[in-house]
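Heavy atoms only: backbone and side chains are in, while hydrogens, waters and symmetry mates are out.
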Number of protein chains: 2
Amino acid sequence: MKRLTGRNDSTDQAADDERRAGARPFADSLARLKEVGLRPTRQRLALAKLLFDAGDHHITAEQLHAAARSAGVKVSLATVYNTLHQFKDVGILREVVVEPGRSYFDTNVRPHHHFFHEGRGHLTDIPDEAVALTRLPDPPEGAEISRVDVIIRVNDRA
Amino acid sequence: MKRLTGRNDSTDQAADDERRAGARPFADSLARLKEVGLRPTRQRLALAKLLFDAGDHHITAEQLHAAARSAGVKVSLATVYNTLHQFKDVGILREVVVEPGRSYFDTNVRPHHHFFHEGRGHLTDIPDEAVALTRLPDPPEGAEISRVDVIIRVNDRA
DNA sequence: AACCAGTTTAAAATCTTTCTAAACTGTGAC
DNA sequence: GTCACAGTTTAGAAAGATTTTAAACTGGTT
Ligand SMILES: [Mn+2]
Ligand SMILES: [Mn+2]
Ligand SMILES: [Zn+2]
Ligand SMILES: [Zn+2]
């Protein structure tokens, strides 16, 4: 199965522009769902469009559900949760946990880190290169590292 | 908790050792609560003892509640939550969020980082010196950094 | 001893997330 | 196109962690 990393490696500038402008509203989402082996249902197509046609962002299940309703998409909260977890399981979404009792889903699955604004309760991406982790401990015996998260917690200056 | 029967001339070192050994079961906890301005109630003293006389560890509210019951301390879960948050607010505990839907409280408030074993669901400390963060991005305009968390997620080797 | 602000508590409420089981739908076969 | 069926969606119930409420209790002070 083809990996998703080659999505923007097209040399056809016009095709890229057309995709970004949303000229073929469902084409990208449809292709994406096919690639990851999920049946392209009405709900999944609509949620994929809301998630992936809007640039990198961090969103909660409730927020996505609200966005769907605003966009006139009829979908239950249970389906939003199901879909977010399916997208995460196939690697096109990532879950970020920084606050008790609430998960954020991140449409940016490239390696990167986060600012978390504790007062406002929102996440901002930090490019991977902006953080230099030049020494890391060995993992515990028998374990292997799956991911390294750097979370920089910030607040408004006093 | 065993009490030492004979006392020698006490140097600073001996006094330290005695405290660590728990020879004066409530003295440390009492002093600690006074220092941070919390009234030393029966419940707070007992929870402080369970938390701080056992070395650095990570514990959930439910786990602390269970530990209290096991130790014969009658305390409600609501009080456990109240107390954990009060201890956090005065800086003698730190809250660590790595999993959706559950908070860990850390008796080690010195700067350090964590391994999180995703399969087993438990935290291990990483000494601050074992991680070298040699480049960090500037915080967003108007914000200041309150803490940098490095979480190394691990799993059992395949 | 009396007082009272601070504390504890059982129970209810809240909030996010997951489960259940019945209805619905995309897909491939014919 | 119709059929069959696995996969999907859904309302509503349930779960699980945490917080709130409001009444009873208690440590510290006078
Ligand atoms: Mn999840
Ligand atoms: Mn908290
Ligand atoms: Zn991100
Ligand atoms: Zn720790």
**Report entry** Under-4.0 Å side-chain N/O to phosphate OP1/OP2 contact, A/Tyr81 with C/dT17
**Finding:** yes

Query raised in the report: Within the side chain of A/Ser146, is there an N or O that forms a donor-acceptor pair under 3.5 Å with the backbone of B/Arg153?
Result: yes

Requested in this report: Mind calculating the distance between CG (B/Leu33) and P (C/dG6) to the nearest angstrom?
Outcome: 17 Å

Query raised in the report: Taking atom types as modelled, is there a side-chain donor on B/Thr83 or B/Gln43 under 3.5 Å from an acceptor on the other?
Result: no

Query raised in the report: Just how far, in rounded Å, is C1' of D/dT18 from CZ of A/Arg102?
Result: 13 Å

Query raised in the report: Among A/Lys88, A/Arg94, A/His57, A/His114, which one satisfies side-chain hydrogen bond (donor to acceptor under 3.5 Å, both in side chains) with A/Asp106?
Result: A/His114

Query raised in the report: To the nearest Å, how far apart are A/Gln63 CD and C/dT16 P?
Result: 10 Å

Query raised in the report: What orientation do A/His85 and A/Phe105 show, parallel under 30°, tilted 30 to 60°, or perpendicular over 60°?
Result: perpendicular

Query - Interatomic distance where NE2 belongs to B/His65 and P belongs to D/dA17 [whole Å] - result: 13 Å

Query raised in the report: C/dC15 P sits how many Å from A/Glu99 CD, rounded?
Result: 14 Å

Query raised in the report: How many Å lie between CG on B/Asp89 and P on C/dG6, as a whole number?
Result: 16 Å

Query raised in the report: For B/Lys34 and B/Thr60, take the nucleotide of DNA chain D holding the closest heavy atom to each; which residue's nucleotide lies nearer the 5' end?
Result: B/Thr60

Requested in this report: Treat primed atoms plus P, OP1 and OP2 as sugar-phosphate and everything else as base, then score nucleotides 6-11 of chain D 5' to 3': B for base contact with protein heavy atoms under 4.0 Å, S for sugar-phosphate contact only, - for none.
Outcome: BBSSBB

Query raised in the report: Within a reach of under 6.0 Å around CZ of A/Arg69, are more than 12 heavy atoms found that belong to other residues, nucleotides or ligands?
Result: no

Query - Under-4.0 Å side-chain N/O to phosphate OP1/OP2 contact, B/His85 with D/dT19 - result: yes

Query - Intermediate values then yes/no, side chain to side chain contact (heavy atoms under 4.5 Å, CB included), A/Glu62 and A/Leu77 - result: CA-CA 7 Å; A/Glu62 284 285 1; A/Leu77 185 56; 3.7 Å; yes

